[in-house]
Amino acid sequence: MRVSVIGCGHLGIPHAAAMAELGHEVVGVDVDQAKVERLNAGECPIYEAGLPELLAAHTASGRLRFTTDIREAADFAALHFIGVGTPIDADGRSYDTAQVYGAIRQLAPHLTRPCTIVGKSTVTVGTTVQVTALAQRLAPAGIAVEVVWNPEFLREGHAVEDTLRPDRLIAGVTTAEGEKAIRTVYAPILDAGVPIFVTDPQTAELAKGAANTFLGLKISYINAVADMCDAAGGDVSQIVDILGIDPRIGSGGMRPGIGYGGGCLPKDVRAFTASARQLGADRAATLLRAAEEINESRTHVALDLIRGALGDRTVKNTKITVWGAAFKPGTNDVRESPALALAHALQQAGATVTVHDPQAVATAMTRNPELDYTDDLPASIAGADLVVLATEWPEYREADPYALVALPSGPLLVDCRTTLDPEPWRTAGWTVHQLGRPGK
């Protein structure tokens with residue numbers, strides 16, 4: 001099948017490469033000429049496991065190419081994925097869908113034959129109806145242009161895997177033709193047994209926000225429990241194990257830490273909360289807002305843990321190393337990164353901060369140039385008074401505490417992600433403090 005992917009970012013690039021891997025002929029469209037040139041050369045501008053290899057293989061084979069000319073995509077493809085960004089709006093509560101409507105306004109006038117537009121971007125409920133009306137009004141093909149909403153459920157760092165082997169597909173359709181197009185483009189995935197939920201567009205739009213918001217609720221809930229453990233002297237890691245064994249609950253996504261971040265979860269929770277208020281579901285909005293408030297408080301909770309670890313010393317004039325800049329492991333995405341928020345707060349409190357990350361140093365330097373950076377793990381703690389683990393990269397979990405140079409005042413580690421087994425570190429002489437876990 002000939003498909004286009006409009007918008008080449010964290011969503012569009014993995015999706016385009018995965019569609020080529022499924023056997024489709026693919027053209028990706030982006031407004032950034034420099035990015036398009038890099039992509040056509042097989043160079044990946046974002047970090048995702050397995051993506052550079054997939055991109056290089058399919059640009060070399062000719063099955064995948066990129067362009068800035070949307071007319072070329074309209075002439076070429078029978079199905080058009082919309083994967084442009086929908087950042088949070090200026091009001092801080094709803095999606096800015098300007099890029100979605102902009103893509104439709106550019107694409108539709110060139111649609112002269114029957115085709116299907118498939119929305120991947122996360123949008124406010126009701127968007128599909130408006131997009132359909134706009135596309136059919138502007139397109140020469142008129143009502144022969146189908147619109148389907150097919151929200152993505154990608155985990156950054158696993159985008160290729162989640163596109164090729166998702167746990168479910170959702171298609172918000174209004175016609176049998178739209179459903180047929182979705183089943184055709186995803187045929188290899190469906191043949192592998194992946195379930196598909198065919199719904200109306202409103203259900204598909206709400207499903208994405210509901211999924212991410214539930215995850216946000218789960219993270220905020222266990223962080224609230226971690227605060228209770230800190231107050232009572234309990235061990236939150238054991239509570240996670242106790243709760244997680246219950247099949248109604250499960251431990252997935254229930255790791256205490258400094259909160260969720262990235263380009264999806266924070267904005268999806270905010271926008272879903274706003275949708276609840278707009279729909280008149282005020283009690284639901286109150287519950288969701290509470291989860292947001294807990295997440296927003298995590299930097300202050302981490303600062304209190306760091307102050308407690310320092311004892312009589314103050315944060316001011318302290319040399320602190322922060323391990324982690326990306327909002328999660330497996331990506332170089334630093335959008336709304338709790339790790340960088342904490343690093344910035346430490347600097348504002350008077351500390352000298354050095355940040356280490358295995359993949360995200362370059363992107364972090366762009367967003368937070370006021371901090372110092374290094375990509376050398378042993379060198380990152382040279383001269384530091386304290387190390388803060390802020391992103392749960394395996395490089396930190398698997399690091400040898402004996403091989404790292406001792407800090408001037410004794411090896412002191414604050415694990416804000418409760419990701420380490422503290423015992424090997426304590427055996428090696430490190431003093432370890434963790435959120436929601438009693439120190440020893």
Side-chain angles (χ1 to χ4, degrees), residues 5 7-22 26 28 39 44-58 64 81 83 85-86 120-122 150-170 185-186 188-190 192-197 207-216 218-219 244 250-255 257-269 324-339 357-360 363-364 390-398 417 419:
V5 178
C8 296
H10 285 274
L11 166 59
I13 299 172
H15 194 74
M19 291 301 100
E21 178 72 4
L22 292 179
V26 185
L39 289 167
C44 191
I46 62 173
Y47 178 76
E48 275 286 344
L51 182 56
E53 296 82 1
L54 214 59
L55 184 67
H58 292 302
L64 173 62
F81 287 106
T86 51
K120 298 293 295 179
S121 305
T122 306
N150 167 227
E152 53 82 17
F153 292 88
L154 306 184
R155 300 166 297 162
E156 286 196 42
H158 303 271
V160 171
E161 176 187 351
D162 289 348
T163 304
L164 293 173
R165 289 171 287 278
D167 50 18
R168 78 284 204 193
L169 290 170
I170 298 178
V185 77
Y186 287 125
I189 293 174
L190 296 174
V194 172
I196 182 170
F197 295 85
K208 171 62 185 293
N212 271 0
T213 301
F214 186 80
L215 181 56
K218 199 170 185 181
I219 294 169
S251 59
M254 196 162 55
R255 172 170 288 162
I258 52 176
Y260 53 79
C264 293
L265 212 55
K267 73 169 184 175
D268 288 351
V269 176
F327 83 93
K328 61 176 284 187
T331 178
N332 64 348
D333 192 350
V334 297
R335 290 175 292 177
E336 299 212 37
S337 166
D357 192 280
Q359 294 292 339
T363 50
T391 305
E392 58 271 37
W393 284 95
E395 284 85 345
Y396 306 138
R397 187 171 58 251
E398 297 163 6
R417 289 291 188 177
T419 190

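Computed over heavy atoms, backbone and side chain alike; hydrogens, waters and symmetry mates excluded. On a predicted model such as this, the values are computed, not experimentally measured, just so you know.
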Quiz item: Listed by chain and number, what are the ring pair (Phe, Tyr, Trp, His ring centres under 6.0 Å) partners of His15, not counting sequence neighbours?
Solution: Phe81
Quiz item: Partners of Pro166 by side chain to side chain contact (heavy atoms under 4.5 Å, CB included), sequence neighbours excluded?
Solution: Leu169, Ile189, Val194
Exercise. Drop me the distance from Leu55's CG to Cys44's SG, to the nearest 0.5 angstrom.
Key: 5.5 Å
Self-check item: Smallest separation among heavy atoms of Thr391 and Ala325, with atom names
Solution: OG1-N, 3.7 Å
Quiz item: Residues in side chain to side chain contact (heavy atoms under 4.5 Å, CB included) with Ala16, at least two apart?
Solution: Val5, Val26, Leu64, Phe66
Self-check item: Sequence-distant partners of Thr419, side chain to side chain contact (heavy atoms under 4.5 Å, CB included), two or more places apart
Solution: Arg255, Leu389, Glu392, Arg397, Asp415, Arg417
Quiz item: Can you name the residues that form a side-chain hydrogen bond (donor to acceptor under 3.5 Å, both in side chains) with Tyr260, not counting sequence neighbours?
Solution: none
Exercise. List for me each residue that meets side chain to side chain contact (heavy atoms under 4.5 Å, CB included) alongside Glu21, sequence neighbours excluded, and say none if there are none.
Key: Leu54, His58, Leu164
Practice problem: Rounded to the nearest 0.5 Å, what's the gap from OH on Tyr186 to CG on Leu22? Could you check? | Solution: 9.0 Å
Self-check item: ring pair (Phe, Tyr, Trp, His ring centres under 6.0 Å) partners for Phe327, two or more places apart
Solution: none
Self-check item: All side-chain hydrogen bond (donor to acceptor under 3.5 Å, both in side chains) counterparts of Ser121, not counting sequence neighbours
Solution: none
Quiz item: Any side chain to side chain donor-acceptor pair (under 3.5 Å) pairs touching residues 160-170, not counting sequence neighbours?
Solution: Arg155-Asp162
Quiz prompt | Sequence-distant partners of Tyr47, side-chain hydrogen bond (donor to acceptor under 3.5 Å, both in side chains), two or more places apart | solution = none
Quiz item: For the side chain of Asp333 and the backbone of Gly262, is there at least one donor-acceptor N/O pair under 3.5 Å apart?
Solution: no
Quiz item: Hey, is CZ on Phe153 packed in by over 12 heavy atoms from elsewhere, all under 6.0 Å?
Solution: yes
Practice problem: Check the pair His10, Asn332 against side-chain contact (heavy atoms from CB on, under 4.5 Å), reporting the backbone distance first and the verdict last. | Solution: CA-CA 10 Å; His10 285 274; Asn332 64 348; 4.1 Å; yes
Practice problem: Drop me the distance from Ile46's CD1 to Ile13's CD1, to the nearest 0.5 angstrom. | Solution: 4.5 Å
Exercise. Identify the two heavy atoms, one from Gly259 and one from Pro338, that lie closest to each other, and give their separation to 0.1 Å.
Key: O-CG, 3.3 Å
Quiz item: In chain order, what residues pass the salt bridge (charged side-chain N to carboxylate O under 4.0 Å, His left out) check against Glu48, with sequence neighbours excluded?
Solution: none
Practice problem: Tell me, please, which residues at least two apart from Lys267 pass side-chain hydrogen bond (donor to acceptor under 3.5 Å, both in side chains). | Solution: Thr86
Practice problem: For side-chain contact (heavy atoms from CB on, under 4.5 Å), just list the numbers for Asp357 and Val334, CA-CA rounded to whole Å, side-chain angles, deciding distance to a tenth of an Å, and then say yes or no. | Solution: CA-CA 11 Å; Asp357 192 280; Val334 297; over 6 Å; no
Self-check item: Distance, nearest 0.5 Å, that separates SG of Cys264 from NZ of Lys208
Solution: 5.0 Å
Quiz item: Any donor and acceptor pair, going by atom type alone, linking the side chain of Lys120 with main-chain N or O of Gly12 inside 3.5 Å?
Solution: no
